[in-house]
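Note sheet for the following structure.
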Number of protein chains: 2
Amino acid sequence: MSTQSVVTAIRVIEAVSDEQPVGLSELARELDASKATVLRALTTLEGLRWVEQNDSSKLWSLTAHAYAVAVRSGAMSTLRDIAIAPMNALQLATTETVHLAIPDGDILILAERLDTPHVLRAFLPLGSKIPLHASATGLAYLAAAEDAYIHRYFESSLDSVTERTLTDRTVLLDEIRAVRARGYSINEEGLSTGITSLGAAILGPGGDPLGSVSVSGPSSRIVPERYAEYGAAVHEAARAIGRAAAPGAR
Amino acid sequence: MSTQSVVTAIRVIEAVSDEQPVGLSELARELDASKATVLRALTTLEGLRWVEQNDSSKLWSLTAHAYAVAVRSGAMSTLRDIAIAPMNALQLATTETVHLAIPDGDILILAERLDTPHVLRAFLPLGSKIPLHASATGLAYLAAAEDAYIHRYFESSLDSVTERTLTDRTVLLDEIRAVRARGYSINEEGLSTGITSLGAAILGPGGDPLGSVSVSGPSSRIVPERYAEYGAAVHEAARAIGRAAAPGAR
DNA sequence: ACCACTGGTTCACTAGATAAACCAGTGGTT
DNA sequence: AACCACTGGTTTATCTAGTGAACCAGTGGT
C-alpha cells in the first residue's frame, strides 16, 4: 500500500471519529506516529474543512462537511433510495419503526429509519453500528450469507450487548437455520432491552445479501402472536427492495 | 496548505461522492490531476476501504465504511443527541415530520428526521443539502445569523428550487425581518412543491445559530391557521435544544 | 520550584509523490 | 476491417514534500 501520508490522514480521520473531541498527543500516541505528522494531517484536513479545532480546548473533531460528503456514498444512497418506498409501505402496515441496515465489514450500519407514531419508541441514531449476532437485521444478514462467511464471523468475539444477546455459537447456528426456514429473523431484546425486532435480508441478483430491513418496537407490542404477520411483511418488503435493486446492480 | 497528496486524496473522495460511480479518466479531468496521481489515491483509499470499484464497469464509488466513519462527526452527533428529546416532543405535539439541520458552509445538512405517522409524507433523505433561502430551516438560520453573514450569503446566486422559492433579495430580507419578529420562519412550497414548513434556529451560548429545527407537512395540513400554534412549538423546541446544548458547548 | 503533561515548531534526511509518455483493450464509424 | 477516440492502467526519471527526533513554551497539580 502506497501513499503513506494519505494513509495517516485517513487514519487520523477515523481516530478522530472514534474519539470525538481529541487532542494531538493522544492521537499521535494512538496512531503510533509523530506529533508533527499527525498535526500536519490535521491542519491539512482542517484546510479541507474535514476536521475543526475547538478554540479554547484545542481538541479536534470531525465537521459536518465530512458527514455531508460521506452520506452520499454509493452503497448507501442507491440502496436507500430504492428501499424508501417499500420501507414506507412496511412502516404503514406495521405502524412500527422500520430500519434499513447495510454491511460494513463485519457489522451493519443503520442507513435509514422510518419512525413509529407511537409515543413509546425505540430510538437508534442513524449510522449506529449494529453487531450481526445481536440484531434482527444482523441475524437476517448472516442467514443470507454463505456458510463460510458465517464461520469466519464466528471466529470473532461475540460480545453481549444486553443480557439476552445470543452469544453461543451453536444456539446462533440453530437460529440462523430457523431464519432460513421461516424467512425472517427474530431478535428479542438482544440489542436493546425492551425492544423486539423482526428482520429480513435484501438479496442481490446472485442471492448475496445487500443489507437488511427490520421492524422494531417495544416487546409489549411486538408479541409472538404477531411475529407471523409482521415477519411476512418484513420478508415481503425485503423482497421488493431486492427486486427493485436487481437491474441497477452496482 | 501542505500535504499535497492528502489534499488530492480528499478531493478524490469528494469528487467520487459528487459523481457517484465515476471512472478514472473523468476524475483526473475533473480534478485537473494526472491519472497516475488519481489512481494512486484511489488504490490507497481502496485499501482503506473508503472507495470501491465495480468489477465489471471499473467505476469507483464511496463505501458504506466512509459513511460509517463520518456519521459520527462531532458537530453532527453531539447536537443530534441533544436534539432528539425535544424533537420527539415536537413531533408528538404536531404529528408532522420534524427535521434537524446543521450548517456546512453556506448550506444546511439534514442531520436527523422524525417522521409523521400520516400516509401523506414529505420525504427528504438524511444528509440532503438544504439551501438557506429555500427552506424553513435555512430562513430561520439566516435570521439568526449576523447581518454580515446574510449579506455575504446574498452575494451568491440564489437559485430557485421550485417556482415558489424566494430569490429576490429584498423580499428575502423582509422575510428575515419577519422571522426575527415572530420567532419562527415559514416556507411555503419553496423547497418541494406541496410542502410547507415552519422552522426555528437553535441558538448557542453567544446567540450564534448552531442549526435549526422545522416541522414539515403537506400544505393541506400545515395551513396558515396553524402557523401560530406550530410555530410556537417549533420555537420552543429550538429553545429547549439550545438550552441543553449550552453547557457542553462543543 | 518542580514535574508531567499539553500543543506546536524546527530541521536534516530521504522516502515517496508527481507528470508525461506509453500500452492495451473496447465500442462506434466509415 | 481498418481506423478513431476513448477507456483503465503502467512505467520511469525527477525532485517535491513528508518524516521523526529533539526542542520550545504553556498549564495544572503537588
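Chain letters run A, B, ... following the sequence lines, proteins first and then strands; every chain starts at 1. Keep in mind that this is a model prediction, so the values were computed, not measured.
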Grab the [atom1]-[atom2] distance between [X] and [N] for me, whole Å please.
{"X": "L24(A)", "N": "dT9(C)", "atom1": "CG", "atom2": "P", "result": "10 Å"}
{"X": "L45(B)", "N": "dA17(C)", "atom1": "CG", "atom2": "P", "result": "12 Å"}
{"X": "L42(B)", "N": "dG9(D)", "atom1": "CG", "atom2": "C1'", "result": "12 Å"}
{"X": "E46(B)", "N": "dG9(D)", "atom1": "CD", "atom2": "C1'", "result": "13 Å"}
{"X": "L59(B)", "N": "dT26(C)", "atom1": "CG", "atom2": "P", "result": "15 Å"}
{"X": "E30(B)", "N": "dG8(D)", "atom1": "CD", "atom2": "C1'", "result": "17 Å"}
{"X": "E26(B)", "N": "dG9(D)", "atom1": "CD", "atom2": "P", "result": "14 Å"}
{"X": "L39(A)", "N": "dG18(D)", "atom1": "CG", "atom2": "P", "result": "13 Å"}

Below the 4.0 Å mark, does [N] have OP1 or OP2 next to a side-chain nitrogen or oxygen of [X]?
{"X": "T37(A)", "N": "dG18(D)", "answer": "no"}
{"X": "R29(B)", "N": "dG8(D)", "answer": "no"}
{"X": "Q53(A)", "N": "dG8(C)", "answer": "yes"}
{"X": "S34(B)", "N": "dA20(C)", "answer": "no"}

Nearest to the side chain of [X], which nucleotide is it out of [options]?
{"X": "T8(A)", "options": "dT18(C), dG8(C), dT19(D)", "result": "dT19(D)"}
{"X": "R40(B)", "options": "dA17(C), dG9(D), dT6(C)", "result": "dA17(C)"}
{"X": "A36(B)", "options": "dT11(D), dT18(C), dG18(D)", "result": "dT11(D)"}
{"X": "K58(B)", "options": "dG8(C), dG9(D), dA19(C)", "result": "dG9(D)"}
{"X": "S25(A)", "options": "dT18(C), dG7(C), dG9(D)", "result": "dG7(C)"}

Stepwise side-chain contact (heavy atoms from CB on, under 4.5 Å) check, D104(A) with R49(B): CA-CA 9 Å; D104(A) 170 32; R49(B) 297 186 29 245; 2.5 Å; yes

Base paired to dT19(D) (Watson-Crick or G-U; both N/O distances under 3.5 angstrom):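 dA12(C) - that is the nucleotide pairing with dT19(D), both distances being under 3.5 Å.
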
Complementary nucleotide for dC3(D) - Watson-Crick or wobble, under 3.5 Å: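 Because both required distances fall under 3.5 Å, dC3(D) counts as paired with dG28(C).
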
Could you pull out the closest heavy-atom pair between [X] and [Y], with the gap in Å?
{"X": "I176(A)", "Y": "A143(A)", "answer": "CG2-CA, 3.7 Å"}
{"X": "P209(B)", "Y": "A144(B)", "answer": "CD-O, 3.7 Å"}
{"X": "S135(A)", "Y": "I130(A)", "answer": "OG-CG2, 3.1 Å"}

Donor-acceptor pair, side chain of Q53(B) and main chain of K58(B), under 3.5 angstrom: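 Yes, Q53(B) side chain to K58(B) backbone: donor-acceptor pair under 3.5 Å.
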
dG8(C) base / K35(A) side chain donor-acceptor hit below 3.5 Å: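 Under the 3.5 Å cut-off, the side chain and the base do form a donor-acceptor pair.
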
